[in-house]
Amino acid sequence: MNNNILHDLQERIKELTALHKSATILQDDSKNTEEIMEEIIKILPDSWQYPDIAAASITFEGRESKTDNFIRTAWRQSAFINTGNERTGIIEICYLQEKPPAFEGPFLKEERDLIDSLANMLSSYSERKKSKEALKIAWNEMEEKVIKRTEELSRLNKALEEEIIERKKVEEKIKKYQKELREMTLELSLAEERERRTIASNLHDHIGQALAIIKLKLSALQGNAIFCGFEQNIIDIRRLLDQTIQYTRNVTFELSPPVLYELGLIAAIEWLSEQSPEKYGLKVNLTTEGNHINLP
């Protein structure tokens, strides 16, 4: 009785050792599938009750690994390896000689559990490997997309920087044109003002003086005109001449008020405010504060 217990204990130890070694082998990601199959196949015969006459074979994912003495015999135990809904392999243990019947032919119930466990472990290994490959592919695809997106963003960023630089150049050109336009406008205004002063000066110095002289000479002729019958005509001419002189003065002031250049801006505004009621019908009140400065 003690011998049987010791035998059963030894068998269980062999089975657990086989499971532990197989799990360790399957966790080693540095080995490929063929290397893993070769290592597992070496430990299988010793894990069964009659290792001296045991032969093993693993067919998995299109590859086959077997012991040198493997032959399919009538004393055979097997377990399919299923990955998902697909059958991807099979584990086979064969005895080369007939042995007394047990739970399953000459094989023990624990040996059935062992071979099924090994099949499940290989199935899990296959699924884990496929998941890692799928994850690696997904990672590579994502990395490639990130690289492409980064390159695209770099191109867009470069294009944006170039557009900003170009826009700044355009803005600088616009500012330059605006400055030139302001300078041209100012120069045009100054030229116009100079021309106005020239015209006003000519009106005042030449035409105004000539009209004043004409008025004096008409006054001298007016006494003699009584005897010639031209008095009324001279009166009419003097009235027209007075209107012309006044009109000339008005035009001179409107073109370039002398008060602006002789007395300054404040005096010119005061003069303009005084003219507004008569010329435009507007009542203007002017208030000034502080020290008055002369503007160029």
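- Annotation: E133, atom CD; neighbour count of heavy atoms from other residues, nucleotides and ligands within 6.0 Å is above 12.
- Residues meeting the salt bridge (Lys or Arg N to Asp or Glu O under 4.0 Å) test with K66, sequence neighbours left out: none.
- One distance of note links CG of L272 with CD of E274; it measures 9.5 Å at 0.5 Å rounding.
- Judged by distance alone, the side chain of S123 and the main-chain N or O of A119 form no donor-acceptor pair under 3.5 Å.
- Side-chain contact between C94 and W75: absent, with no pair of heavy atoms (C-beta onward) separated by less than 4.5 Å.
- In this structure, S22 and I43 have side chains that are in contact, with non-hydrogen atoms separated by less than 4.5 Å.
- The salt bridge (Lys or Arg N to Asp or Glu O under 4.0 Å) search around K176 returns none, not counting sequence neighbours.
- Counting all heavy atoms, side chain and backbone alike, I53 lies closest to K99 at CD1-CE, 3.3 Å.
- With sequence neighbours excluded, the residues satisfying ring pair (Phe, Tyr, Trp, His ring centres under 6.0 Å) with Y50 are Y95.
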Q: Start with the C-alpha distance between I91 and L44, add both sets of side-chain angles, then the distance that settles side-chain contact (heavy atoms from CB on, under 4.5 Å), and finish with yes or no.
A: CA-CA 10 Å; I91 303 175; L44 290 185; 4.2 Å; yes

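- Counted within 6.0 Å of CE on M184, heavy atoms from surrounding residues, nucleotides or ligands total 12 or fewer; the atom is thus considered open.
- Among all heavy-atom pairs drawn from A79 and D116, the shortest one is CB-OD1, 3.5 Å.
- For the residue pair W48 / E11, no side-chain donor-acceptor distance below 3.5 Å is found, with atom types taken as modelled.
- The distance from the CZ atom of F107 to the CG atom of L114 is 11.5 Å, given to the nearest 0.5 Å.
- A side-chain donor-acceptor contact under 3.5 Å links E38 and S65.
- A distance of 12.0 Å separates CG in D242 from CD1 in I237, rounded to the nearest 0.5 Å.
- For the pair L26/I40, a side-chain contact is recorded, criterion being any heavy-atom separation below 4.5 Å from C-beta on.
- At least one donor-acceptor pair under 3.5 Å links the side chain of T67 to the backbone N or O of A56.
- Judged by distance alone, the side chain of T88 and the main-chain N or O of I81 form a donor-acceptor pair under 3.5 Å.
- Ionic pairing of R149 and E152 is present here: one or more N-O contacts between side-chain nitrogen and carboxylate oxygen are shorter than 4.0 angstrom.
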Q: Show the numbers, then the answer: is there a side-chain contact (heavy atoms from CB on, under 4.5 Å) between R63 and T59?
A: CA-CA 6 Å; R63 304 175 182 87; T59 303; over 6 Å; no

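- Placement of I93 and I90 in two distinct hydrophobic clusters is found when ILVMFWY residues are connected by side-chain heavy-atom separations under 4.5 Å, directly or transitively.
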Residues 160-174, side-chain donor-acceptor partners within the protein, below 3.5 Å, at least two apart:
residue : atom : partner : partner atom : Å
E161    : OE2  : N157    : ND2          : 3.3
E163    : OE2  : R167    : NH2          : 3.1

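- A55 approaches N69 most closely through the heavy-atom pair CB-OD1, 3.4 Å.
- Looking at E111, its side chain does come within 3.5 Å of a backbone N or O of Q49 through a donor-acceptor pair.
- Separation of atoms CD1 (I41) and CD (E64) is listed at 9.0 Å; rounding is to 0.5 Å.
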Q. Which is it for S131 and L135 under the side-chain contact (heavy atoms from CB on, under 4.5 Å) test, yes or no, and what are the steps along the way?
A. CA-CA 6 Å; S131 296; L135 182 61; over 6 Å; no

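- Contact of the R182 side chain with the L186 side chain is not registered, since no non-hydrogen atoms from C-beta on lie closer than 4.5 Å.
- I58 and M121 fall within a single hydrophobic cluster, where Ile, Leu, Val, Met, Phe, Trp and Tyr side chains are chained together by heavy-atom contacts under 4.5 Å.
- Hydrophobic clustering of Ile, Leu, Val, Met, Phe, Trp and Tyr side chains at less than 4.5 Å, counting indirect connections, unites V146 with W139.
- Note on E15 versus R12: salt bridge recorded, some NZ/NE/NH1/NH2 to OD/OE distance being below 4.0 Å.
- Note: M142 CE to I147 CD1 = 10.5 Å, rounded to the nearest 0.5 Å.
- Using a cutoff of 4.0 Å between basic side-chain nitrogens and carboxylate oxygens, K148 and E144 are scored as salt-bridged.
- Using a 4.5 Å heavy-atom cutoff, the side chains of S47 and K21 are not in contact.
- Taken from CG in L9 to NZ in K14, the straight-line distance is 12.0 Å, to the nearest 0.5 Å.
- Formation of a donor-acceptor pair under 3.5 Å by the S126 side chain with backbone atoms of L122 is not found in this model.
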Q: Report the C-alpha separation of R112 and Q77 in whole Å, then their side-chain angles, then the decisive distance to 0.1 Å, and conclude whether the side-chain contact (heavy atoms from CB on, under 4.5 Å) test is met.
A: CA-CA 8 Å; R112 163 50 60 189; Q77 188 178 43; 3.5 Å; yes

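- Judged by distance alone, with hydrogens and angles left aside, the side-chain atoms of E192 form no donor-acceptor pair with the main-chain N or O of S189 at under 3.5 Å.
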Q) Hey, mind stepping through R76 and E92 against salt bridge (Lys or Arg N to Asp or Glu O under 4.0 Å) and telling me if it holds? A) CA-CA 7 Å; R76 173 176 170 269; E92 298 176 278; 2.7 Å; yes

Contacts table for residues 28-37: side-chain donor-acceptor under 3.5 angstrom, sequence neighbours left out:
residue : atom : partner : partner atom : Å
D28     : OD1  : S30     : N            : 3.1
D28     : OD1  : S30     : OG           : 2.5
D28     : OD2  : S30     : OG           : 3.3
D28     : OD2  : K31     : NZ           : 2.5
D29     : OD1  : R128    : NH1          : 3.2
D29     : OD1  : K132    : NZ           : 3.3
D29     : OD2  : K132    : NZ           : 2.5
N32     : OD1  : E34     : N            : 3.2
N32     : OD1  : E35     : N            : 2.8
T33     : OG1  : Y125    : OH           : 3.3
T33     : OG1  : K129    : NZ           : 2.8
E35     : OE1  : N32     : N            : 3.1

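- Through direct or relayed side-chain contacts under 4.5 Å between Ile, Leu, Val, Met, Phe, Trp and Tyr, I137 connects to no other residue.
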